[in-house]
4 protein chains.
Amino acid sequence: MEQKLSDKIKKINEEHMKVTEKQSKIIEAAIEEFSRNGYASTSTSQIAKKAGVAEGTIFRHYKNKKNLLLSIVTPTMTKLIAPFVMDGFDTVFDKKFDTFGDFLKAILKNRVDFIRENLSILKIFMQEISFHPELQENYKEYIAQPLFKRLENTIIHFQDKGQIKNLPVHTVIRFTASTVVGFLFTRHIIYPDMNWNDDKEIEQTINLIINGLSPETD
Amino acid sequence: MEQKLSDKIKKINEEHMKVTEKQSKIIEAAIEEFSRNGYASTSTSQIAKKAGVAEGTIFRHYKNKKNLLLSIVTPTMTKLIAPFVMDGFDTVFDKKFDTFGDFLKAILKNRVDFIRENLSILKIFMQEISFHPELQENYKEYIAQPLFKRLENTIIHFQDKGQIKNLPVHTVIRFTASTVVGFLFTRHIIYPDMNWNDDKEIEQTINLIINGLSPETD
Amino acid sequence: MEQKLSDKIKKINEEHMKVTEKQSKIIEAAIEEFSRNGYASTSTSQIAKKAGVAEGTIFRHYKNKKNLLLSIVTPTMTKLIAPFVMDGFDTVFDKKFDTFGDFLKAILKNRVDFIRENLSILKIFMQEISFHPELQENYKEYIAQPLFKRLENTIIHFQDKGQIKNLPVHTVIRFTASTVVGFLFTRHIIYPDMNWNDDKEIEQTINLIINGLSPETD
Amino acid sequence: MEQKLSDKIKKINEEHMKVTEKQSKIIEAAIEEFSRNGYASTSTSQIAKKAGVAEGTIFRHYKNKKNLLLSIVTPTMTKLIAPFVMDGFDTVFDKKFDTFGDFLKAILKNRVDFIRENLSILKIFMQEISFHPELQENYKEYIAQPLFKRLENTIIHFQDKGQIKNLPVHTVIRFTASTVVGFLFTRHIIYPDMNWNDDKEIEQTINLIINGLSPETD
DNA sequence: AATGAATGAGGCTTCATTCAT
DNA sequence: AATGAATGAAGCCTCATTCAT
């Protein structure tokens, strides 16, 4: 069952691989335009022009505009969480971490490049998730739920070790995610052009999380 | 100068007051539709139908669809931060707070109802801010800057009192805001229908922030 | 019968006189806008704004937009030809002229100021005459026909005196009118801002007409 | 330089050639409607219906309603004056004319059919030239200026030969053009349905011009 | 007499999608 | 596989006109 899930995810990603040259031009153009203007305000002819293909060509490869959106967003989102859910991968979970801090650091190190490279798509995802039920369903089934399950285990593990306050798991996740996402959002979307010292910021961010979650020490 | 700003903001809000009955029906309908489908995917005829007015009536009151958006979003955003920037108001800042926790609690108590009541508009704001330069300008001038200034003072105040770690002010603000917004977002947008114990969640959230920011005690 | 015609024309002009202050503001504004943008491209709200009245006020005084146009154009056109058709007036026709040249000079002297003052309205007339049957009917009945009749008599008179070549009357009128209108058009519409020596140009123009029409002298 | 101009004009006309069948239906319909109702009072849906195409098809070929107008008017106007400005063409200018009368006769013979065939477009041009700056610019650059230059030379030539009164060139042109245009206008626009003897009228018109311009013979 | 809010028809234009080539 | 002309529905907005105040 679990196996099946990661198979499905593998398939989603593999389908994304076998693309012709025109196709990848279309995808590239669509990502740029969707992320700059939003899905609804981007026309297929705009994408075609930017991709250097005929309008009809888009519809030869993607059933419709919505389908093009899903083809862009879904594989990237699954890849984003792949290290958390893929068995057999050399993931961050396969190593044993002594502290919750180490764990966080490892995740961030592992995913921060991927996020930077796929920022436009993540932006599109955040913008569009509310408006497209298809996206929401994919998201819940392939991303949110598997991810939550894995994190749940990890957090309980560190709570058992006494490193994390005994708050409800979802509160811990929410706090951690908020802080991390808040940093990445500020870093890459609100002030992408500021002069950031990424290593220092990440360390500070992790410290704030660990401090926040550390059990009363008396 | 500072006085002038709060005057401008007062004006923005007052202009929003003198509305006919049809006008407020239009606003109400637009808020609902914009927030459900997004600005670009909401048609003015849709709004007119839901408001029970002729489509032309919308354009008698708002010269543009864009203008309608701004008329909805800008006054609400200034009202949201009004307690922080208005002089002469009985704001959360006029009282002296002994601890940073008390300060946070006071803010959240003060603003949480407003946020709940204006959730749709805040959602619209978050969705559209990236796509509308006019919105961005209003936001920077009337909201982000004044708010930052006030918070900066407050945070330095509590850093001087030794309650908050000596991190850069913007880091403190980012961490605090991320955590608060992360809670509100989860509470009202991701899982609005869950059975929330608001008081307890707010307390926990504040504790996480205070813990996170508390200076090393050794 | 003839009497009736000049009575009708008198009535048209008198009706144009009893106007309230708002009415004349509307007329003034309409003239300016119609002549600048054309009838079809001028909106009644544009006129109202420029006139400083409410949109509804226009329709209190003029049944509709078309009616406003007619109220502007028709009286002016009848006034333009009034000296030619009004009995009892001290017209250019009442004096006896020795030569066709004197006659032309007298007409031009008499009408040139009127034309200059009513240029915008004449422009509107020329633009709109093709598109409005009502205008065409008024024009034929009250302007073209009476005018032609009078000119016919005059021209036959000078042909009998041997001053004008024995061409068909309509040819003489066409040639004369073309030359005069051609001058006025160039003078006031094509190059209104050039530095014109009006007296000299008028004299030259008349000379060209007289030369053109002078019988072979051999 | 001069070469460049005639190249540009050639290009304008050639672009007008490569038209699909639907395109020429659109043009045909637009000409008829624009000339019957005026540009502003003709709707694109009206044109589409008359052309038997979808409204959207118009905008695939002409980015604007305005652009459609220009695509109709500009090439025809340049073609109208082509014989005057095109080098290498077998124009009326290439032959030597003994008299100004022969010159006028040649021009009229040459252009009268073209005018008759393109009457609707010329009407549209005259109606719309005042309201469209783009049209005015094209007109000045490609039509009025080159035409004036050529005529100037010709007129000075005949003035030197003593056939034409020593009036300012622009006065001669104005008088000649007024008389010719006055005839054509009466012939084709005011009374198109009258029973005209074209050859006789043209001869008379030319005689009037020549007489008008002939130097005093004493 | 004057106002101006309200209307709804219609105008120009864009767009996703189809289909013949 | 790729093109791009064609479509017609729908979008935003303007307008002449009406009517309650």
Side-chain angles (χ1 to χ4, degrees), chain A residues 20-23 25-26 39-49 51-68, chain B residues 19-23 25-26 40-49 51-68, chain C residues 20-23 25-26 39-49 51-68, chain D residues 19-23 25-26 40-49 51-68:
Chain A
T20 71
E21 200 216 344
K22 299 239 169 205
Q23 244 184 99
K25 282 242 179 88
I26 290 169
Y39 171 78
S41 299
T42 299
S43 71
T44 50
S45 83
Q46 213 174 123
I47 295 169
K49 194 179 293 170
V53 303
E55 296 189 44
T57 306
I58 293 175
F59 292 92
R60 180 152 302 279
H61 291 292
Y62 306 93
K63 195 162 94 263
N64 42 37
K65 197 184 162 190
K66 179 76 69 87
N67 187 254
L68 173 59
Chain B
V19 290
T20 70
E21 200 216 345
K22 300 241 167 201
Q23 238 183 104
K25 283 240 180 88
I26 290 169
S41 299
T42 299
S43 73
T44 51
S45 84
Q46 213 174 121
I47 295 170
K49 200 175 289 170
V53 302
E55 203 172 344
T57 305
I58 293 175
F59 294 94
R60 170 156 295 277
H61 293 292
Y62 307 93
K63 74 176 191 298
N64 268 346
K65 195 188 165 190
K66 179 77 70 85
N67 187 253
L68 172 59
Chain C
T20 71
E21 201 217 343
K22 298 239 169 206
Q23 245 183 98
K25 284 242 179 85
I26 290 170
Y39 171 78
S41 299
T42 299
S43 72
T44 51
S45 84
Q46 209 175 124
I47 295 170
K49 194 180 290 170
V53 303
E55 296 189 45
T57 306
I58 293 175
F59 292 92
R60 180 152 302 280
H61 291 292
Y62 305 94
K63 194 161 94 262
N64 42 38
K65 197 185 164 189
K66 180 75 71 83
N67 187 253
L68 173 60
Chain D
V19 290
T20 71
E21 199 216 346
K22 299 242 169 201
Q23 236 182 107
K25 283 240 181 91
I26 290 169
S41 299
T42 300
S43 72
T44 51
S45 84
Q46 214 174 119
I47 295 170
K49 198 175 292 170
V53 303
E55 205 171 343
T57 306
I58 293 176
F59 294 94
R60 171 156 294 278
H61 293 291
Y62 307 93
K63 74 174 193 295
N64 266 350
K65 194 186 165 191
K66 178 78 68 88
N67 187 253
L68 173 59

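Sequence lines set the chain letters: A, B, ... in the order given, protein chains first and strands last, and positions in each chain run from 1.
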By nearest nucleotide on DNA chain F, pick out whichever of A/K22 and D/I58 is the more 5' one.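 Its nucleotide being nearer the 5' end, the pick is A/K22.
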Closest-nucleotide 5' rank along DNA chain F - winner of D/T57 and A/G52: A/G52
Heavy atoms under 4.0 Å is the rule here; annotate nucleotides 13-21 of chain E 5' to 3' with B where the base is hit, S where only the sugar-phosphate is, and - elsewhere. BBSBBB---
In whole angstrom, give the distance that lies between atom [atom1] of [X] and atom [atom2] of [N].
| X | N | atom1 | atom2 | result |
| --- | --- | --- | --- | --- |
| D/I26 | F/dA6 | CD1 | P | 8 Å |
| C/N67 | F/dA16 | CG | C1' | 14 Å |
| B/Y62 | F/dT14 | OH | P | 16 Å |
| A/K25 | F/dA2 | NZ | P | 12 Å |
| D/H61 | F/dA5 | NE2 | P | 7 Å |

Indicate the atoms forming the closest heavy-atom contact of [X] with [Y], along with that distance.
| X | Y | answer |
| --- | --- | --- |
| D/I58 | D/T44 | CD1-O, 3.4 Å |
| C/N67 | C/K63 | OD1-N, 3.5 Å |
| B/K65 | B/T42 | NZ-O, 2.9 Å |
| C/Y62 | C/Q23 | OH-OE1, 3.3 Å |

Residues at least two apart in sequence or cross-chain that pass salt bridge (Lys or Arg N to Asp or Glu O under 4.0 Å) with C/E55, listed by chain then number, are B/R60
What base-paired stems does DNA chain F take part in, with at least 3 consecutive Watson-Crick or G-U wobble pairs and both distances under 3.5 Å?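 The stems are E:2-21 with F:2-21.
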So C/L68 and C/I26, do their side chains get closer than 4.5 Å, heavy atoms only? yes
Flag if over 12 foreign heavy atoms under 6.0 Å of NZ, D/K49: no
About how many Å separate CD of D/Q46 and OG of D/S41, when rounded to the nearest 0.5 Å? 8.5 Å
